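Accompanying notes for the structure given below.
For the numbers below, each heavy atom of this structure counts, side chains included, while hydrogens, waters and symmetry mates do not. Since the model is a prediction, treat every value here as computed from it, not as a measurement.
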Amino acid sequence: MRYKLDSTGRKRVTLIVGDGIGPEVAGATRRIIEAAGVQISWEEREAGAEVFKRGLPSGVPPETIASIRDTRVALKGPLETPIGFGEKSANVTLRKLFETYANVRPVREMPGVKTPFTGRGIDLVVVRENVEDLYAGIEHMQTPGVAQCLKLMSKKGCERIVRLAFEVAVSEGRKKVHCATKANIMKLTEGLMKRTFEEVAKEYPQIEANHIIIDNCAHQAVRTPEQFDVIVTSNMNGDILSDLTSGLIGGLGFAPGANLGDEVAIFEAVHGSAPKYAGKDVINPSAVILSGTMMLRHLDEFAAAQAIECALMETLEEGVHTRDVSPSGSVSTTAFTDRIIQNLGKRSDRWKTRDHKPLHVKALGAAPDYVRPKTRRTVGADVFVESALASEELGKSLESLVEGSGLRLKMISNRGTKVYPATGGMTDCVDHWRCRFVLRDATTSLDDKSLLDLLHGLSTKYRWMHVEKLEEIDGEAGYTRAQGED
Ligand code: NAP
C-alpha cells in the first residue's frame, strides 16, 4: 500500500513545514488541500534548523523518522542546513533514509508568467536519480593536494530510475523519454545508465526512446525546450538540468518535486527556505502547492489534484500574482492562496491540465548482488601512488620493482592521461599516479597474495593510497583505458 488510513478513513500524511518560508508555503498548501475537500490526517513533525540547534547532527528526530516510516507519505517544506550545527543536509538524510531513489521534477509554462519562452508550450518532467552517483558524497584526499569523489552507479539504480521514467510517461500520457548521459566520456558509469535505458525501452514500444548527451541536452533545453517530454538522468546531471528547466518557466517559485521510493514518497518544492523572505507573506507558494497536487495523485485523489491545478492556473491567468512574477501590483502569499481557494471548481479553456493515471513501478529484486556474472577474472590492478618523481623516473623504478614477478607495469597515467611510456604529449603532472600492472600470463587470474606482494614491494619505496582490481566480467573489460593508452 502506497499510503495508510487512520481509524476514521482519512489518508495519513506526515507534514514537515520546514524552515524560513516553509511554514507559509506549507501552510498555504494545507489550506488549499483542505478547501478542496480531501480528508487528510496530518501528522506534524519537525526537521531542520531548530533540530540542528538542539544538537541533533542529522537534523531529523526519531519521531519524524517513525512517523514517515508509518504513514509512508510526507509533504515537506524546505529545510535549512545551518553551517556549524551539523554538516549533513536533513533533506539528503531523509531521501537516503527512505531510499527515495527518484526525484521527479515537472515544469510547464504557467499562465500570465512572462518568460523569454512564453508561448512555446514547455511541459516536461526531469526524472533524476536521487541516491547514487557523485552525490553519494564518498570523498577522500588521495594526496595532500589531490581530492577524489567516487561516482558510484549501480545496474539496479539505473534500472529502477529508467523504469520509473517510462512509467511517469505512461501515467501522464506522454510520448517520449530522453535519457541524458555523459556516456561518451564515462563509459562504465554513465554508460551503464545508457545501456540500461536501451534495454528497458524495449518494454515500452509505445514510447519514443532517445539517448542524448547531457551537455547537448542542456543546449537543446534552452534552444527548443518544447521538444522534451520526460528526461531521465543520473543524480548530479539531473540536479543541474532541473534547475535550468525551472528557470525556463519562471523560476523556483513554480518548480515542484517528488522524491519517490518503493516504500515512501516525500513531496517538496525544488526551492529552499529563502530566509530573507521568511515571515514577510510575500513569497510564491505555487511550487509547494504543485508538490501537493503530486502528493494527491499519489494518494489517488486525482480529481482534487486537478481541481487545485486548475484553480492555480485560473488565479495566475486573472493576473493575481506574487512579487516574483509581478514585482509591481503583486498580492501577498495569503491573498494569493485565498484566491486559489475561491477559484476551486473553475477551469480555464485555454490552459489544460493532464489526465493522470496511477503510477505503477515494480520493485526490483532485493538481493544486494543484483547482477550475477557467469565468468570473472582479475587481469591486473591499478595502484595509485603518491610520488614527487618525474614520470620517466617513476616508471623505470616501478619496472625494476616488478622484474621477475608475475606482473608487469603496463602504463602510468596522471589524472587519466597516459604519461609512461611517454606519448609525446605535454601533460602537466601532479604527485598522484595511477600505475597499471597486468599479468604477464594473460590466461590466468591475479590472486590476492600476488597483489599483496606487489603492494608490499611498492610500499618499501612509495606511499600508495588506493588500489583497484582490473576485473574482466563475462569476457568484457570492467575498467577503462587511460587517455592515450593502447
Ligand atoms: P532558496 O531558498 O531556494 O532561494 C534562492 C532564491 O530563489 C531566493 O532568494 C528567491 O530569489 C528565489 N525563491 C526561492 N523560493 C521562492 C519562492 N517560493 N517564491 C519566490 N522566489 C523564490 O536557495 P538558497 O538561498 O540557496 O538556500 C536557502 C536555504 O535553503 C539553505 O539553507 C539551503 O541549504 C536550503 N535549501 C533547502 C532545500 C530543500 O529543503 N529541499 C533546497 C534548496 C536549498 P530572489 O532573491 O531573486 O527573490
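Between the E46 side chain and the I16 main chain, no donor and acceptor come within less than 3.5 Å of each other. T233 contributes a side-chain N or O that, together with a main-chain N or O of G238, makes up a donor-acceptor pair within less than 3.5 Å. The backbone N or O of N91 lies less than 3.5 Å from a partner atom in the side chain of S89, making a donor-acceptor pair. Counting only distance, with no hydrogens or angles, the side chain of T333 and the backbone of V282 share a donor-acceptor pair below 3.5 Å. Of the possible polar contacts, none joining the S326 side chain to the G329 backbone as a donor-acceptor pair under 3.5 Å is found. The backbone N or O of A255 lies less than 3.5 Å from no partner atom in the side chain of S246, so there is not a single donor-acceptor pair.
Ionic pairing of K194 and E198 is present here: one or more N-O contacts between side-chain nitrogen and carboxylate oxygen are shorter than 4.0 angstrom. Electrostatic pairing of K176 and D229 does not count as a salt bridge here, judged by no charged N lying under 4.0 Å from a carboxylate O. In summary, K156 and D369 do not engage in a salt bridge, as defined by a charged side-chain N under 4.0 Å from a carboxylate O. Ion pairing between R31 and E34 fails under the 4.0 Å rule for side-chain N and carboxylate O. Using a 4.0 Å cut-off between charged side-chain N and carboxylate O, E80 and K53 make no salt bridge. Between D123 and R354 there is a salt bridge, with a side-chain nitrogen of the basic residue lying less than 4.0 Å from a carboxylate oxygen of the acidic one.
Within the 4.5 Å cutoff, side-chain heavy atoms of V325 are placed close to those of F254. With contacts defined as side-chain heavy-atom distances shorter than 4.5 Å, the pair R339/V331 does not qualify. Between D338 and I340, every side-chain heavy-atom pair lies at or beyond the 4.5 Å cut-off. Taking 4.5 Å as the limit, some side-chain heavy atom of I32 sits within range of a side-chain heavy atom of T337. Side-chain contact between E468 and V383: absent, with no pair of heavy atoms (C-beta onward) separated by less than 4.5 Å. By the 4.5 Å heavy-atom criterion applied to side chains, L164 and V104 are counted as neighbours. Using a 4.5 Å heavy-atom threshold, the side chains of K4 and V73 count as separate. Counting heavy atoms from C-beta outward, I212 and Q220 have side chains that approach closer than 4.5 Å.
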Test log, rule salt bridge (Lys or Arg N to Asp or Glu O under 4.0 Å), inputs E203 and R163: CA-CA 9 Å; E203 295 173 35; R163 213 170 266 289; 2.7 Å; yes
Where do S41 and V13 land on the side chain to side chain contact (heavy atoms under 4.5 Å, CB included) test, with the steps shown first? CA-CA 6 Å; S41 164; V13 171; over 6 Å; no
What do the steps show when you test E43 against S67 for side-chain hydrogen bond (donor to acceptor under 3.5 Å, both in side chains), and what is the final call? CA-CA 7 Å; E43 297 187 11; S67 173; 3.1 Å; yes
Hey, mind stepping through N259 and K76 against side chain to side chain contact (heavy atoms under 4.5 Å, CB included) and telling me if it holds? CA-CA 10 Å; N259 299 294; K76 190 179 87 51; 5.7 Å; no
Side chain to side chain contact (heavy atoms under 4.5 Å, CB included) assessment of V177 paired with N210: CA-CA 6 Å; V177 179; N210 306 293; over 6 Å; no
Which is it for S413 and R434 under the side-chain hydrogen bond (donor to acceptor under 3.5 Å, both in side chains) test, yes or no, and what are the steps along the way? CA-CA 5 Å; S413 72; R434 187 245 312 246; 2.8 Å; yes
Could you go through the side chain to side chain contact (heavy atoms under 4.5 Å, CB included) check for R415 and V146 one step at a time? CA-CA 10 Å; R415 287 164 302 142; V146 179; 5.5 Å; no
Would S242 and R105 satisfy side-chain hydrogen bond (donor to acceptor under 3.5 Å, both in side chains), going step by step from the backbone distance to the final call? CA-CA 7 Å; S242 61; R105 293 181 165 183; 2.7 Å; yes
List the steps and the verdict of salt bridge (Lys or Arg N to Asp or Glu O under 4.0 Å) for K11 and D6. CA-CA 6 Å; K11 291 170 180 171; D6 74 2; over 6 Å; no
N/O donor to acceptor pairs below 3.5 angstrom from side-chain atoms of residues 106-116, sequence neighbours left out:
unit_1: R108; atom_1: NH1; unit_2: K352; atom_2: O; d: 2.7
unit_1: R108; atom_1: NH2; unit_2: K352; atom_2: O; d: 3.4
unit_1: E109; atom_1: OE1; unit_2: G119; atom_2: N; d: 3.2
unit_1: E109; atom_1: OE1; unit_2: R120; atom_2: N; d: 3.4
unit_1: E109; atom_1: OE1; unit_2: G121; atom_2: N; d: 2.9
unit_1: E109; atom_1: OE2; unit_2: G119; atom_2: N; d: 2.7
unit_1: T115; atom_1: OG1; unit_2: F117; atom_2: N; d: 2.9
unit_1: T115; atom_1: OG1; unit_2: T118; atom_2: N; d: 3.3
unit_1: T115; atom_1: OG1; unit_2: L248; atom_2: O; d: 3.3

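For the residue pair N130 / N235, no side-chain donor-acceptor distance below 3.5 Å is found, with atom types taken as modelled. Side chains of R323 and Y277: a donor on one and an acceptor on the other come within 3.5 Å. Between T14 and T71, the side chains place a donor N or O and an acceptor N or O closer than 3.5 Å (distance only, hydrogens not considered). Residues H140 and Q142 have side chains that never bring a donor and an acceptor to within less than 3.5 angstrom of each other. Between the side chains of D382 and Y479, no donor-acceptor pair is found at a separation under 3.5 Å. Side-chain contact, E159 with Y370: a donor N or O sits under 3.5 Å from an acceptor N or O. Side chains of E268 and S291: a donor-acceptor N/O pair is absent below 3.5 angstrom, by distance only. In summary, the side chains of E190 and N237 do present a donor paired with an acceptor at a separation below 3.5 Å, with no hydrogens or angles considered. Checked by atom type, the side-chain pair N103/E129 shows no donor-acceptor distance below 3.5 Å. Looking at E309 and W351, their side chains never bring a donor and an acceptor atom within 3.5 Å of each other.
Ring centroid separation for the pair H211 and F197 does not come in under the 6.0 Å cut-off. For an aromatic pair to be called close, the ring centres must be under 6.0 Å apart, and Y3 with H298 fails this.
The side-chain contact (heavy atoms from CB on, under 4.5 Å) test with V230 singles out one residue from E172, R174, E167, and that residue is R174.
For residues 319-344, no residue pair satisfies the ring-ring contact (aromatic ring centres under 6.0 Å, His included) rule, not counting sequence neighbours. Residue pairs meeting the salt bridge (Lys or Arg N to Asp or Glu O under 4.0 Å) criterion with at least one member in residues 245-263, sequence neighbours excluded: R72-E263. Applying the salt bridge (Lys or Arg N to Asp or Glu O under 4.0 Å) test to every pair with at least one member in residues 132-150, sequence neighbours left out, gives these pairs: D133-K151.
Ring pair F166/Y204 is parallel by interplanar angle, where below 30° counts as parallel and above 60° as perpendicular.
Qualifying salt bridge (Lys or Arg N to Asp or Glu O under 4.0 Å) partners for R376, counting only residues two or more places apart in sequence or in other chains: E471. For K96, there are no salt bridge (Lys or Arg N to Asp or Glu O under 4.0 Å) partners two or more places apart in sequence or in a different chain.
Between D19 and A47, the shortest heavy-atom distance links the atoms OD1-O, 4.1 Å.
Heavy atoms from other residues, nucleotides or ligands lying under 6.0 Å from CZ of R10 number more than 12. Within 6.0 Å of NZ on K346 lie more than 12 heavy atoms contributed by other residues, nucleotides or ligands.
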